[in-house]
Number of protein chains: 4
Amino acid sequence: MPKLGMEPIRRKALIDATIGEVGRVGSLDVTVGQIAKRAGMSSGLAHHYFGGKDQIFLAAMRHILSQFGAQVRRELAGATTPFERLQAIVAASFHADNFAPEVISAWLTFYVQAQTSSGARRLLRIYAARLHSNLVYNLRPLTGRAEHVAHGTAAIIDGYYLRHALQDNLPDRAQSKALVMEYLEMQLAQKAAP
Amino acid sequence: MPKLGMEPIRRKALIDATIGEVGRVGSLDVTVGQIAKRAGMSSGLAHHYFGGKDQIFLAAMRHILSQFGAQVRRELAGATTPFERLQAIVAASFHADNFAPEVISAWLTFYVQAQTSSGARRLLRIYAARLHSNLVYNLRPLTGRAEHVAHGTAAIIDGYYLRHALQDNLPDRAQSKALVMEYLEMQLAQKAAP
Amino acid sequence: MPKLGMEPIRRKALIDATIGEVGRVGSLDVTVGQIAKRAGMSSGLAHHYFGGKDQIFLAAMRHILSQFGAQVRRELAGATTPFERLQAIVAASFHADNFAPEVISAWLTFYVQAQTSSGARRLLRIYAARLHSNLVYNLRPLTGRAEHVAHGTAAIIDGYYLRHALQDNLPDRAQSKALVMEYLEMQLAQKAAP
Amino acid sequence: MPKLGMEPIRRKALIDATIGEVGRVGSLDVTVGQIAKRAGMSSGLAHHYFGGKDQIFLAAMRHILSQFGAQVRRELAGATTPFERLQAIVAASFHADNFAPEVISAWLTFYVQAQTSSGARRLLRIYAARLHSNLVYNLRPLTGRAEHVAHGTAAIIDGYYLRHALQDNLPDRAQSKALVMEYLEMQLAQKAAP
DNA sequence: AATGAATGAGGATTCATTCAT
DNA sequence: GATGAATGAATCCTCATTCAT
């Protein structure tokens with residue numbers, strides 16, 4: 001039952017299925033067959049649209065990162081002051097969507113993949129660079145150590161995210177966000193110091 | 001030419017080889033054959049000693065974690081005050097041994113494996129719990145929010161570690177350590193605050 | 001935008017594309033998709049016109065053989081004596097068109113296919129029979145051993161052709177032709193002998 | 001049932017099976033599975049010993065060519081004069097072993113493969129060069145046109161071989177050999193001529 | 001007439017694991 | 001204790017062919 005203009009629909013379905021399967025099994029040990037099946041098509045078609053397993057994974061990663069980017073933009077929409085914008089960035093990082101188990105799994109496995117695949121590494125770099133410049137831009141009016149604080153903030157965000165991915169009895173999402181904000185506020189309070 | 005008492009030597013060789021290979025390729029996509037070859041023996045022997053691939057990986061992970069534990073103990077040896085002990089714990093986390101590329105790779109991949117393998121998850125929990133209780137024990141004399149600060153410290157340590165694993169132009173090891181200490185000091189300075 | 005009367009045009013395009021692709025890759029490992037693409041149409045249409053891959057190949061082979069037949073007829077046109085006609089036949093065999101790299105490749109692969117496909121074998125037989133009878137017909141006035149000499153001539157033609165297909169530093173086309181003619185002349189000189 | 005020192009036995013079995021299968025189906029469209037099955041082992045083992053399909057084919061080709069070389073040496077053993085040695089070379093080319101249907105098939109398919117695979121091409125070159133120098137060496141005492149006659153002889157040998165591979169009602173092996181010798185003799189008779 | 005969506009069988013290759021020696 | 005021979009399942013990928021539109 002071939003239809004016309006299926007390409008975007010199929011690609012979307014495959015990306016969703018990839019994230020779903022990676023999340024389900026918790027690793028990249030997912031076969032193209034499994035993904036295609038979950039997406040409701042044959043494995044051949046998956047190859048037809050993406051060319052290969054790696055590219056399917058990359059597309060899924062790209063999707064996750066662009067989702068995150070959209071999240072950030074949405075949160076930023078309502079913010080006006082630099083500090084509100086920093087809050088918005090942190091809020092986006094701890095938005096519920098990023099903590100769906102399959103999304104956590106996907107992030108984590110993509111982190112690992114980044115060590116091997118140059119494509120994955122590139123994507124991750126872009127994400128990191130964007131986050132960094134976003135933070136620096138909004139920290140600059142508030143502190144003379146914008147770069148320094150941005151690094152720390154990014155690290156603590158990643159750290160909490162990682163712990164959420166791996167541990168159980170942890171502060172919840174809201175608390176983690178509060179802990180990051182606490183860090184930010186401590187750093188900004190330093191401003192007045194020496 | 002089978003020898004007697006080879007078991008510990010063989011096991012050690014296999015564990016080292018596992019870490020080496022995992023680090024080299026940057027993922028768990030390492031075959032028993034590769035590991036055995038690097039360890040200078042046949043793949044059959046690797047199975048003989050460990051029973052299977054998963055157990056080889058677990059043994060390697062256990063080794064890394066115990067290395068880290070030893071590191072912490074060594075650093076703690078010279079410390080007397082609680083704050084010195086906190087410093088020692090952080091110092092151990094950023095010790096050069098943990099930043100050998102293959103060790104970083106191994107940690108990261110084991111993190112991911114923890115999502116799949118209950119054995120790996122258990123090990124990671126033990127490490128996290130030990131770090132946590134170490135931190136809490138030494139924070140308690142210094143702050144009323146020991147649990148809180150311990151969580152934050154652990155997160156920021158992990159966060160920096162992760163960033164070292166994935167990015168290039170980053171503050172170096174010493175700087176990262178300083179950034180964690182800065183966090184600790186800020187938190188302890190809060191103590192006096194309301 | 002389907003057009004009327006496209007059939008012959010499409011078929012021609014597919015046949016040319018087949019010869020082109022077979023020549024390019026140097027084997028029958030050519031996909032219908034590649035052929036169709038080179039012919040500027042979808043793979044579905046290729047099937048529509050020919051029914052299947054084998055038939056596309058057969059059509060291409062038939063084309064090559066008929067090209068060769070036309071070549072022979074053209075050369076024969078100007079010839080009047082039996083010997084001139086023999087010369088014409090040899091000349092056709094070594095005509096530049098047959099030595100285009102893709103044509104050589106195609107011939108060779110079709111030879112191989114003849115072992116498997118009865119259709120291909122049939123075509124090859126027809127070609128061989130026609131060449132043979134052409135030679136015999138013109139040898140008869142010149143020698144009592146027409147059959148014998150025809151076999152030898154055909155063999156030496158094929159032999160040179162094969163060597164052109166596979167080797168590099170060889171006598172060129174013109175020289176090869178001369179060598180065949182030399183053979184013919186030696187044979188005809190024998191006529192007078194005992 | 002693993003045994004020791006199986007390697008040469010397995011390799012031999014695989015080479016024989018390869019020639020057998022290629023001969024049976026008349027093309028290189030033979031799967032590693034088929035070959036391995038005919039050789040009485042799993043497909044995995046075939047890869048273990050040869051590394052890949054291409055190398056299996058190359059090994060088979062190398063075997064055929066070395067068989068042919070041995071044939072030539074055997075025939076040459078009893079020959080003393082240059083002419084006898086020429087006879088021996090031709091005899092080897094038309095030896096029954098080379099005309100086993102699967103050997104013919106294998107030769108032909110390897111000819112085609114030579115267009116694609118550099119390894120195959122190299123082997124074929126070596127064979128051709130050796131035949132050529134053998135012929136030239138023995139022609140030199142008998143004619144001033146040794147190179148010339150060697151080329152013609154090689155071509156006519158190949159031509160007859162090719163025709164045997166593809167046609168049915170043909171002079172038989174012995175007759176083909178006689179036809180080649182006839183060519184040689186005619187050429188050598190020229191010697192005296194102008 | 002023409003497209004390209006879709007399938008699914010088939011094939012090369014890899015690898016953990018077992019086991020005779 | 002040690003080897004490496006052997007298996008076979010699993011996986012990615014390709015492609016001829018079909019068919020709705």
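No hydrogens, no waters, no symmetry mates; every other heavy atom, side chains included, goes into these values.
Note: NE2 (D/H47) to C1' (E/dT13) measures 5 Å, nearest angstrom. We find that CG of B/L45 is positioned 16 Å from C1' of F/dA5, with the value rounded to whole Å. Atom C1' of nucleotide F/dG1 and atom CG of B/L14 are separated by 14 Å, given to the nearest angstrom. One atom, CG of A/D29, and another, P of E/dA16, lie 11 Å apart when rounded to the nearest Å. Spacing between atom CD1 of D/I9 and atom P of F/dG4 amounts to 16 Å, rounded to whole angstrom units. In this entry the distance linking CG of A/D54 with P of F/dT11 reads 16 Å, nearest Å. Rounded to whole Å, the distance from CZ on D/F50 to P on F/dA5 is 13 Å. Distance, A/Q34 CD to F/dC13 P: 14 Å, rounded to whole Å.
Among the nucleotides E/dT13, F/dA2, E/dA16, the one closest to any side-chain atom of B/K53 is E/dA16. The listed nucleotides are F/dA5, E/dA16, E/dA2; the one nearest the side chain of C/R10 is E/dA2. Considering only the side chain of D/M6, F/dA6 comes nearest among E/dT3, F/dA6, E/dA12.
Heavy atoms of D/Y49 sit under 4.0 angstrom from primed sugar atoms or phosphate atoms, though from no base atom. A/T31 comes within contact range of the sugar-phosphate backbone alone, with a heavy-atom separation under 4.0 Å but no base atom that close.
Nearer to the 5' terminus of DNA chain E, by closest-nucleotide assignment, is the contact made by D/H48 (compared with the other of D/H48 and B/S43). Where B/G51 and C/G44 meet DNA chain E, the nucleotide closest to each residue was compared, and C/G44 sits on the side nearer the 5' end.
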TODO: Quick one: do A/R24 and A/E21 satisfy salt bridge (charged side-chain N to carboxylate O under 4.0 Å, His left out)? Show the steps, please.
DONE: CA-CA 5 Å; A/R24 189 175 63 78; A/E21 283 296 295; 2.7 Å; yes

- [ ] Could you please spell out the steps behind the side chain to side chain contact (heavy atoms under 4.5 Å, CB included) verdict for D/T109 and D/Q113?
- [x] CA-CA 6 Å; D/T109 53; D/Q113 212 197 11; over 6 Å; no

- [ ] Starting from the C-alpha separation in whole Å, work towards a yes-or-no answer on side chain to side chain contact (heavy atoms under 4.5 Å, CB included) for A/W107 and A/L124.
- [x] CA-CA 10 Å; A/W107 268 100; A/L124 223 45; 4.2 Å; yes

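The side chain to side chain contact (heavy atoms under 4.5 Å, CB included) with A/V22 is formed by just one residue from the set A/L28, A/I35, A/D29, A/L108; it is A/L28.
Across every strand in view, F/dC13 sits in a pair with E/dG10 that passes the Watson-Crick or G-U test at under 3.5 angstrom. With a 3.5 Å ceiling on both atom-pair distances, the Watson-Crick or G-U wobble partner of E/dC15 is F/dG8. With a cut-off of 3.5 Å on both pairing distances, the Watson-Crick or G-U wobble partner of E/dA20 is F/dT3.
Proximity of a side-chain donor or acceptor of A/S66 to a complementary backbone N or O of A/H63 within less than 3.5 Å is detected.
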